[in-house]
Each structure stands twice: as structure tokens, then as C-alpha cells.
Amino acid sequence: MKVPLAVIWAAIGVDGFLLISFTTLVVASRALRLKRERTAARRLAPLRPLLLEVASEDDPQAGSLRRLQSLGPDDWEALVPAAAGLLGKLRGSSKQQIASLLDAHGSTARAYGDLFARRATRRARAAEMIGSLGHEELAPRLLRLLEDKRHDVRLVAARALGQLRSADASAGLIAAAGERSPIPRGVLGHALLRIGHRAVPELTRALSSPDWRRRSLAADLLGRLGALSAAEQLAGLASDDPALSVRVGAVEALGRFGLPEWLGPLAGAAGRKNPSRLREAAVEALSGVATPEAVSVLGSLTGDGDIRVGAKAAVSLASLGPLGRAALERVLSADLDDEEKARAAAQASGALALVAAGGR
Amino acid sequence: MTAVLVVDDDADIRDLVAFKLAQAGYEVDRAADGAGALAAVARRRPDLAILDVTMPGMSGIDLCRSLRADPETASVLVLLLTARAQERDVEAGFAAGADDYVVKPFSPRELVSRVEALLARARR
């Protein structure tokens, strides 16, 4: 079928018109944004020194504070990003002064509403500000943002919940660590660590979660938080949990505690029937305990058939000072009448050479 | 006059710390990253450097190592300013040769007190 020439020209004309319209729209919106940014920068320039003066606690007559309190809405809006940015990095009276400015200009109240805004950037900025302000009562609203459709908003919400340091936030953050988690484990872990000891009860409960991801996260964080109250449960998980990463996390936690009463589970985890990853973690943990009994277990592992385990045991002994080095010397001086002793001597020799070279 | 170098990629924090130190009577140089800091040190050797740990490119810890490795700058006092409060991060900072460590969120007033204490200890 032959298309009439007029139709072709009409199609080209329409396409051309659309292309020119689209290009004009893009250029115009960029120019508008640039103009807006320049206007904001112009407004910001004379105001920023006042903000720094307020934040630096060097505003004895409160003159700068009063000037900032009396700003009009446009000037204040230009200053909000800098004020909100400083808020999360300061504490004490600096932070209080900036928070009072945000309150006085209605920015805090607007942030409450913006948690449900249509635009993702507004939701994220609101979450960040509320986290920096530490308004614990808003934890339930931030928890809802952990399931936001936008990944960046979920990340900001998780970090903000960590800043709130609210025990209420910890259950939600742990729950978000389950299967098909929408938030990276590291972000959740960091937020829970910021909550600190107030998160320990929920983390301890999570050790019994049916989801291994939550048990694993909880074991790791309880170790980092030094939550000795969870040690018995962690010792049980180190021996019996069906998920390897939970056992490894529990072993690492016990190693961080460094208490001799948990030598048994750690020595058990280092046993030859266990996977290499668990055994290596157990060797590291035993060096955290560092009693003569732990040294003896490490010494017996230097000749291990798994070379990585043997090397780690020897290097761990070398790092333990005179007690560990004496154990390595004993390994070296033993009769090399079997393969295991020969391997142990080689590992001990390597570790002592490392010490001599100043490597540990 | 005592010279202090402030290195932070966050312009607001960098300027705030510099402002606070200038108010306290110090001569202050600023840099936004490791390369800028090394250039600033070459221009004027500071008595003390305040380094942000997490910066693009060279971290504050790498920068601290670099200062310690150069005989010209090995004795510059180093205070790390960082959001990373984990024990291992603190250990890494001291292992790199830092003299003190302030964790964000911080109080500018307390930061200046720590600077004064470090400088006083060094003078003794």
C-alpha cells in the first residue's frame, strides 16, 4: 500500500513539533531550576554565617538567633537544607538552637506532614529531619516508611529510626531484616547499633525468631553491643542452630565477650566435623577468651588438616603475647613424628616469623 | 599563633568548626579532601589537624598515616572527627597515629576544649 506524500509530511511535522516542544520543555525546566538554585544561593550567602554563629554557641547576645527567627518564608526556605544538615551532626545547645529555629518557622510541623508527601524527596527529607530532631513519638510513622515504595526513602527511614534511639523502633528494624528484606542488613544493623542497649531486649527476643536472617542479625549485634545477658542463648545457638550464619554470628559474639565460661561452646564450634567458616570464627573467638585453656585448644588446632584453620590458630596464638608465643614454641619443639605435628610446626614457624617481622 | 587545619568534605561542618576555632583565637586553614589537605599542609604546617574520617578518596585515617609518615609533619597533632563510633574504628584511628577522637554528633564547644587540651598536653 502506498502512503500519500501529504500524510508522510504531516507525520514528520507532528514529530518535529513534538520534539521541539519536548526539548523546549526540558531546557525551560532546567533553566527554571538553575534560576531557583541561584536565587536560593543568593539568599543563603548572607544568612549562612548567622546560622554558623548560632550553631557554634558563639552568639552571646543571641543577635544572630533573633535575626534568623525573624526571617521571611523565602529566606528561611533557602536556609533549611543547611540547618537540617547541621542538626544531625551536632548535639547540646547547638542542636537545641537549630531545632528551636525549625520549630519557630514551622519546618518541624511541615516535616510531620511531609512523611506522607507524594514526592519521595520530601518524604526522605522529612524522615531525616525527624531522625535528627530525635522525636521518639514519631517512631511509628517512620516505621511505616520502612515499607515505602522507594528504596532511598526506606534507607533514610531506617537511619532516622536509629537516630531516634527508641526501643519501639528496634522491633520494626529487626522485623525488616526478614526474608525479601527491602533494606540492606548493614543499614538495619547500623541503626540498631545506634539505638544501643535499648535495643537489647528486642534483639534477645529475635534470637528465637523462626527467620534465620533475624536470628543472625540479632546474634551479631548482641555481640557488638556486649550484651552479656544474652550469652547463654548465644552459646546454645553456637552449638545447635540449623543456620550456619547464625552459628557463626553467635560464636563471634561469644568471642567478643571473651568470657572463659563459654570456652566449651567455642571449642565445640572449632571441632573438626564443623564447616570451615564456623571453625575459623571459633578460632578467632578463642583468641578473644585468651585463657591458658583457650591457648591449649588453639595449640591443638595449629596442625589442623584445614590449612586455613591451622594458620588462623597459629596467628591468633602469636597475637596473644608471651602465653601464645610459648605455646607456639612448644609446638615447634615437639617431635615431628606425624603429618599433623609437621603441619603444626610449619604454621608455628610462620606465625613466629610474622611476630619477628613485627606483623602482629 | 597556633595554626589548625580543618579537613571535612561537608562544607557546613568544615566552616562551622573553622568559625568556632577562629573565634577561639586560632589561625585556621580549611580543606575539603585529602589532596587539598596535603596542599594546605605544604603551604603552612599546622600545629593540629582536625580530620573527618569518612571522605571521598583519601579517608581521614589514610591522611593521618600520610602525615605521620612524613618527617616534616609527623609531629602534627591529629584529632579525628567522625560519625563512626565503633570500637574497631576508634582502634583504627589510634593505630594510624591519631591523638584524639571526637564522635559526631558533637558539641563545637567540647571540640574546642579537646583541641585546647591536646595542644596543652603537647606543650608540656
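Computed over heavy atoms, backbone and side chain alike; hydrogens, waters and symmetry mates excluded. Chain A is the first sequence line, chain B the second, and so forth, proteins listed ahead of strands; every chain is numbered from 1.
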Taking atom CZ as the centre, does B:R14 end up with more than 12 heavy-atom neighbours from other residues, nucleotides or ligands that are less than 6.0 angstrom away? yes
If you take all heavy atoms of B:P105 and A:R194, which pair is closest and at what distance? CD-NH2, 3.9 Å
Heavy-atom pair with the smallest gap, counting every atom of B:P108 and A:E57: CD-OE1, 3.6 Å
Interface residue of largest heavy-atom contact number with chain B, from A:G85, A:S132, A:A55, A:G88, under 4.5 Å: A:A55
Determine, step by step, whether A:L90 and B:L16 satisfy the side chain to side chain contact (heavy atoms under 4.5 Å, CB included) criterion, reporting the C-alpha distance in whole Å, the side-chain angles of both residues, the deciding distance to 0.1 Å, and the verdict. CA-CA 10 Å; A:L90 298 176; B:L16 171 64; 3.7 Å; yes
Might you confirm whether atom CZ of A:R185 has over 12 heavy atoms from other residues, nucleotides or ligands at distances under 6.0 Å? yes
Donor-acceptor contact below 3.5 Å, side chain B:K20 vs main chain A:S56: yes
Contacting moiety of A:Q163, where chain B heavy atoms sit under 4.5 Å: neither
For A:E137, check side-chain contact (heavy atoms from CB on, under 4.5 Å) against everything at least two apart and list the hits. A:Y112, A:H135
Heavy-atom count check: over 12 atoms from other residues, nucleotides or ligands less than 6.0 Å from A:E53 CD? yes
By a 4.5 Å heavy-atom criterion (distance strictly below it), what part of B:F19 contacts chain A: side chain, backbone, both, or neither? side chain
Just jot down the side-chain contact (heavy atoms from CB on, under 4.5 Å) partners of B:S59, sequence neighbours excluded, or say none. B:I61, B:D62
Select, from A:P49, A:G92, A:A82, the one with the greatest count of heavy-atom pairs under 4.5 Å involving chain B. A:A82
Applying side-chain contact (heavy atoms from CB on, under 4.5 Å), name anything that partners A:R256, two or more places apart in sequence or on another chain. A:D220, A:R224, A:E252, B:R88
So for B:A11, is it side chain, backbone, both, or neither that comes closer than 4.5 Å to the heavy atoms of chain A? both
Heavy-atom closest contact (B:D12 atom, A:L52 atom, distance): O-CD2, 3.8 Å
Side chain to side chain contact (heavy atoms under 4.5 Å, CB included) between B:K104 and A:R91, intermediate numbers included: CA-CA 8 Å; B:K104 293 177 194 168; A:R91 63 179 171 80; over 6 Å; no
Identify the residues of residues 25-51 of chain B whose heavy atoms come closer than 4.5 Å to a heavy atom of chain A, ordered by number, or report 'none'. none
